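Chain A is the first sequence line, chain B the second, and so forth, proteins listed ahead of strands; every chain is numbered from 1. Not measured: the values here are computed from a predicted model.
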Protein chains: 2
Amino acid sequence: MPGRLAHIAVAVPDLDAALAHWRRLPGARAGVAHDLPGHGVRVAFVDMADSRIELVTPLGDDSPVAGYLSRNPAGGIHHICYEVADLDAACAGLAAQGARVLGAPRPGAHGRPVIFLHPRDFDGCLIELEQAP
Amino acid sequence: MPGRLAHIAVAVPDLDAALAHWRRLPGARAGVAHDLPGHGVRVAFVDMADSRIELVTPLGDDSPVAGYLSRNPAGGIHHICYEVADLDAACAGLAAQGARVLGAPRPGAHGRPVIFLHPRDFDGCLIELEQAP
């Protein structure tokens, strides 16, 4: 389904503490943390009724979320990820409409190709697009 | 459904520009802007496949999003809103688990009672809970 919400990513300073925070929400089902060394992050998912929170904390010295946490030490909403039916076509369509695609597709947390869109083109919001299964 | 995602709110400096930005996303259906003077905001919804973006910009001199935009002039993700089956019970349950509920329930954008949870208790994320229909 084009535009299906894959997850809302939240950068957190302490993943275990964050899991304890988010599992308090009504209907929340917290998963277990696992390392994604290739992405420089440690993640855990919290499934809500019809959406998913991806809790993300830095792993290693060159993590893509380290800069965000240095600016927002308490954490915060880092990005929104939507699925698209055809990632290459989506990128071409967005570029044709003036939205900047950051870099080339690369495997995301689920192994499927992902890209990010420039936050300046979406009112300060970082948007990830993920190839649908 | 407890924990259903009601919307992701994005604070924006220019609502018309933001609608033009967000309607570029694959599958997006942009609504029309309307004023909510009682809430000090002007809003427009962008419906994605299975979720909703609420674009919010200040209206008047005492808007609840003015402070956010002064810290984030380009805009950004302001809060996440989940529905709950029983707002009073949800507030009591959260408070019993140490999550601070900010103020008393008051009518939200859809006329149903809403409350906000303290961002410090959810890793820097502002969470709104809305009484389900």
Best-contacting candidate, [options], against chain A by heavy atom pairs under 4.5 angstrom:
| options | answer |
| --- | --- |
| B:L117, B:D121, B:D14, B:L126 | B:D121 |
| B:V12, B:I127, B:I77, B:V10 | B:I77 |
| B:A20, B:G75, B:P13, B:P119 | B:G75 |
| B:I80, B:L129, B:N72 | B:I80 |

Inset, instruction - Step by step, work out the side-chain contact (heavy atoms from CB on, under 4.5 Å) result for B:V114 and B:C81. - result: CA-CA 9 Å; B:V114 301; B:C81 180; 5.6 Å; no

Do you reckon [X] sits in the same ILVMFWY cluster as [Y], going by side-chain contacts under 4.5 Å, direct or chained?
| X | Y | answer |
| --- | --- | --- |
| B:W22 | A:I115 | yes |
| B:V101 | A:L25 | yes |
| B:V56 | B:I53 | no |
| B:M48 | B:L5 | yes |
| B:V41 | B:L19 | no |

Legend entry - Top of A:A17, A:A90, A:S51 for chain B proximity - count of heavy-atom pairs under 4.5 angstrom: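 Going by pairs under 4.5 Å, I would pick A:S51.
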
Legend entry - Residue, of A:Q97, A:H21, A:H78, A:R24, that accumulates the most heavy atom pairs under 4.5 Å with chain B: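 Looking at each of A:Q97, A:H21, A:H78, A:R24 in turn, A:R24 comes out on top.
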
Inset, instruction - Assess whether atom CZ of B:R120 is packed by more than 12 heavy atoms of other residues, nucleotides or ligands within 6.0 Å. - result: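 Open.
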
Inset, instruction - Let me know if A:L55 has heavy atoms under 4.5 Å from chain B in its side chain, its backbone, both or neither. - result: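 Interface part for A:L55: neither.
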
Legend entry - Engaged part of A:L94 at the chain B interface, taking heavy atoms whose separation is under 4.5 Å: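 Side chain only.
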
Inset, instruction - Evaluate the side-chain proximity of B:P64 to B:H39: yes if any heavy-atom separation is below 4.5 Å, no if none is. - result: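 Of all side-chain heavy-atom pairs linking B:P64 with B:H39, none is under 4.5 Å.
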
Legend entry - Beyond-backbone contact of B:P58 with B:L69, side-chain heavy atoms, under 4.5 angstrom: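 B:P58 reaches B:L69 side chain to side chain.
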
Inset, instruction - Name, in order of residue number, those residues of residues 27-38 of chain A that have a heavy atom at a distance of less than 4.5 Å from a heavy atom in chain B; otherwise write 'none'. - result: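 Under the 4.5 Å heavy-atom cut-off, A:G27 qualify.
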
Legend entry - chain A contact via B:A11 - side chain, backbone, both or neither, heavy atoms under 4.5 Å: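 For B:A11, the contact with chain A is made by the backbone alone.
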
Inset, instruction - Measure distances from B:I8 to the heavy atoms of chain A and classify the residue's part below 4.5 Å as side chain, backbone, both or neither. - result: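 Just its side chain gets close to chain A.
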
Inset, instruction - Determine the minimum heavy-atom distance between A:P105 and A:D88, stating which atoms define it. - result: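 Looks like CG-OD1, 4.0 Å.
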
Inset, instruction - Apply the side chain to side chain donor-acceptor pair (under 3.5 Å) test between B:H7 and each candidate in B:H110, B:H79, B:E130, B:R52; give the one that qualifies. - result: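 Answer after filtering B:H110, B:H79, B:E130, B:R52: B:H79.
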
